[in-house]
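Below you'll find the structure, written out as structure tokens, and then a few comments.
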Amino acid sequence: MDKVYLLKKLEQEIVDNKNLPLKSNLVFGEGNPDGEVIFIGEAPGAIEDEQKRPFVGRSGQLLRKLIRQIGWKEEDVYITNIVKRRPPQNRDPEPEEIEKYKPYLTRQIEIINPKIIVPLGRFAMNFFLPNAKITRDQGKLFSAKGGSASVGKARNWFVAPMFHPAAALRAPIMMQEFEKSFKKLPAMLKKLTN
Ligand code: URA
């Protein structure tokens, strides 16, 4: 089935689900539905809410710059968030919000079927790797069980957690680590596609 159609249908399901928390604009995600890499943040901020696009503010500019620096194109990857609407005052998403949006992210990943999932920051990382620690585990490649376990489709996902770009913008030491980890991505992808 056509991935563009399936993603549109999934987006419409989110629109139609009036029980979902948060009432700001829906920021579903964007990029190549056949992308080999998916970047996942925690939730949209003010600019993302305004433009209805993920990672278009300061953090997003850094993320997109690094994608280009490793020789990839923004249009070749897919970019989204766990929670698809902005929490008020940019507070952290609450566990219940993550829980409610979780099935949609899972299905979005299943449709795109990327080779590598790159969660940005600890919220996104813990979605895939509940026991991982961001400072210890960012920049490493993990295999995690994911997918719609309830319908018997659980499969292995390859997950490479990174710092959130906002954290990198706050401290030079984090920026160095973030850039260093990011540069490993092409080799990780190559290893998984060979
Ligand atoms: N931070 C996120 O986690 N996601 C965005 O889309 C923007 C900022």
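Order of listing sets the numbers, starting from 1, for every ligand and every atom in it. Computed from a predicted structure; not experimentally measured. Below, all heavy atoms of this structure are taken into account, side chains as well, without hydrogens, waters or symmetry copies.
E13 has a carboxylate O that lies under 4.0 Å from a charged side-chain N of R107, or vice versa, which qualifies the two as a salt bridge. The pair E30-R64 meets the salt-bridge criterion, with a side-chain N (NZ, NE, NH1 or NH2) lying under 4.0 Å from an Asp/Glu carboxylate O. A salt bridge does not link E48 to R53: none of the charged side-chain nitrogens sits closer than 4.0 Å to a carboxylate oxygen.
The aromatic rings of F182 and F39 sit parallel, their planes meeting at an angle under 30°, below the 60° perpendicular limit.
Near ligand 1, residues G41, E42, A43, P44, E48, P54, F55, N81, H164 come within 4.0 angstrom through at least one heavy atom.
S143 places no side-chain N or O within donor-acceptor distance of the main-chain N or O of V159, the cut-off being under 3.5 Å.
For the residue pair K84 and Q108, a side-chain donor N or O sits within less than 3.5 Å of a side-chain acceptor on the partner.
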